[in-house]
Amino acid sequence: MMMDLFSQFASTTSLGIPIILLAMLTPWLLLPAPSTKWINNRLMTSQSWFMTLFTKQLLLPLNIPAHKWAFLLTSLMVFLLSMNLLGLLPYTFTPTTQLSINLGLAVPLWLATVLTGFRNQFNHSLAHFLPEGTPTPLIPVLILIENISLFLRPLALGSRLTANLTAGHLLIHLISSAVTAIYSLSIMASLLTFSILILLTILEIAVAMIQAYVFVLLLSLYLQENT
């Protein structure tokens with residue numbers, strides 16, 4: 001039972017070769033290609049409106065030097081959002097339920113924000129490790145705590161996305177199994193459980209969208225501290 005429950009998070013293989021790379025490239029293949037026409041269709045117009053709105057909201061609290069990250073953060077948002085939503089379809093694989101994938105995205109981007117801060121404002125970045133007016137006996141302890149909290153940021157960033165998506169997929173799997181299991185016992189109870197499953201699926205769609213936004217938002221906050 002436990003193997004069947006968690007087997008949905010195992011990377012899909014074909015001829016013994018993991019095809020997780022194909023699952024990560026699929027969202028980009030589904031995006032519409034830019035058109036040379038003067039008037040875009042509804043899909044291209046909606047995509048352009050979403051990109052513009054998200055970019056404005058993301059760059060609003062950031063300083064001018066951080067605006068060069070707009071393309072990277074917007075692309076990351078679309079990438080995570082597409083993978084999270086496509087993973088809710090039946091018989092699909094969600095790469096963002098893998099901690100290794102999320103840490104592979106979180107660690108380099110977090111490290112880039114830290115290195116940006118040390119390059120542009122070295123003294124200001126070092127000042128974060130020791131608040132002004134700290135008593136002398138507490139200086140080593142505070143420096144140690146600030147270092148630990150700094151290095152825990154990418155771990156929290158990746159594990160938050162993994163935990164939320166994994167929990168939602170497990171709940172959907174358990175409730176959908178309960179629908180078929182109790183159908184022979186009580187049709188009304190099965191219909192009630194199915195309605196709960198529909199509501200949970202809607203909630204999971206919202207969670208998939210929110211978690212992609214939170215991932216990019218936290219990265220932008222880390223960038224704001226270092227620019």
Side-chain angles (χ1 to χ4, degrees), residues 6 9 20 24 51 53-84 87 94-171 203-204 206-227:
F6 288 94
F9 302 112
I20 187 173
M24 297 178 65
M51 295 290 189
L53 179 63
F54 174 75
T55 305
K56 286 182 178 179
Q57 294 296 324
L58 186 67
L59 299 182
L60 189 62
L62 297 181
N63 300 325
I64 299 297
H67 288 186
K68 63 182 68 175
W69 288 61
F71 179 76
L72 175 62
L73 295 178
T74 305
S75 302
L76 180 63
M77 171 68 182
V78 174
F79 180 60
L80 292 176
L81 182 61
S82 302
M83 284 198 299
N84 293 349
T94 313
T96 46
T97 56
Q98 305 295 312
L99 185 61
S100 58
I101 298 296
N102 295 332
L103 288 180
L105 293 172
V107 173
L109 293 174
W110 163 82
L111 185 60
T113 61
V114 174
L115 294 179
T116 300
F118 279 110
R119 186 187 65 178
N120 296 335
Q121 42 186 13
F122 184 77
N123 293 332
H124 182 71
S125 299
L126 287 181
H128 285 293
F129 294 100
L130 187 63
E132 186 178 357
T134 304
T136 304
L138 295 179
I139 289 179
V141 178
L142 285 179
I143 292 178
L144 179 62
I145 292 175
E146 291 295 332
N147 276 279
I148 292 175
S149 64
L150 178 65
F151 285 101
L152 284 179
R153 282 183 174 183
L155 181 61
L157 198 61
S159 60
R160 180 187 293 106
L161 181 60
T162 303
N164 282 281
L165 295 181
T166 302
H169 282 63
L170 286 176
L171 284 176
L203 177 63
E204 187 61 21
V207 169
M209 299 172 66
I210 292 172
Q211 289 304 315
Y213 177 73
V214 168
F215 190 95
V216 179
L217 179 63
L218 290 176
L219 273 177
S220 67
L221 293 178
Y222 300 157
L223 181 62
Q224 182 183 7
E225 293 181 358
N226 293 282
T227 52

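Because only heavy atoms are used, hydrogens play no part in the values below, and waters and symmetry mates are left out as well, while side chains stay in.
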- Message: Could you check whether any side-chain heavy atom of Ile210 comes within less than 4.5 Å of a side-chain heavy atom of Asn164, counting everything from C-beta outward?
- Response: no

- Message: Restricting to non-hydrogen atoms, name the atom on Ala106 and the atom on Leu157 that form the minimum distance, rounded to 0.1 Å.
- Response: CB-CD2, 3.8 Å

- Side-chain donor or acceptor of Ser220 paired with backbone N/O of Leu217 under 3.5 Å: yes

- When you look at Leu76 and Phe215, which way does the side chain to side chain contact (heavy atoms under 4.5 Å, CB included) test go after all the steps? CA-CA 9 Å; Leu76 180 63; Phe215 190 95; 3.8 Å; yes

- Item | Nearest-0.5 Å distance, CG of residue Leu58 to NE2 of residue His67 | 9.0 Å

- Message: For a side chain to side chain contact (heavy atoms under 4.5 Å, CB included) check, start with the C-alpha distance between Val78 and Met51, then their side-chain angles and the critical distance, and finish with the verdict.
- Response: CA-CA 9 Å; Val78 174; Met51 295 290 189; 3.2 Å; yes

- Message: Nearest 0.5 angstrom please: Asn102 CG to Thr96 OG1, how far?
- Response: 6.0 Å

- Message: Between Met77 and Thr74, is the side chain to side chain contact (heavy atoms under 4.5 Å, CB included) condition met? List the steps.
- Response: CA-CA 5 Å; Met77 171 68 182; Thr74 305; 5.6 Å; no

- Message: Can a donor-acceptor pair be found, under 3.5 Å and without considering hydrogens, that links the side chain of Thr113 to the backbone of Trp110?
- Response: yes

- Under 3.5 Å, is there a donor-acceptor pair between the side chain of Thr166 and the main chain of Ala163? no

- Query: Does any non-hydrogen side-chain atom of Leu150 lie less than 4.5 Å from one of Glu146?
  - Reply: no

- Quick one: pull up CE in Met209 and CG in Leu80 and give me the separation to the nearest 0.5 Å. 13.0 Å

- Return the minimal non-hydrogen interatomic distance between Leu103 and Gly158, and the atom names on each side. CD2-CA, 4.2 Å

- Query: With distance as the sole criterion, is a donor-acceptor pair present between the side chains of His169 and Thr94 under 3.5 Å?
  - Reply: yes

- What closest approach, in Å, do Thr55 and Ala70 show between heavy atoms, and which atom pair accounts for it? CG2-CB, 4.2 Å

- Message: Looking at every non-hydrogen atom in both residues, tell me the closest pair between Leu165 and Glu204 and how far apart they are.
- Response: O-OE2, 3.9 Å

- Item | Interatomic spacing from CG in Leu218 to CG in Leu109 - rounded to 0.5 Å | 12.5 Å

- Between atom CH2 of Trp69 and atom OG1 of Thr116, what is the distance when rounded to the nearest 0.5 Å? 4.5 Å

- At their closest point, which heavy atom of Ala208 faces which heavy atom of Asn84, and how far apart are they? O-ND2, 3.1 Å

- Query: Atom CG of Leu111 and atom CZ of Phe151: how far apart are they, to the nearest 0.5 Å?
  - Reply: 8.5 Å

- Query: Val216 and Phe54: side chain to side chain contact (heavy atoms under 4.5 Å, CB included), yes or no, with the steps?
  - Reply: CA-CA 11 Å; Val216 179; Phe54 174 75; 3.9 Å; yes

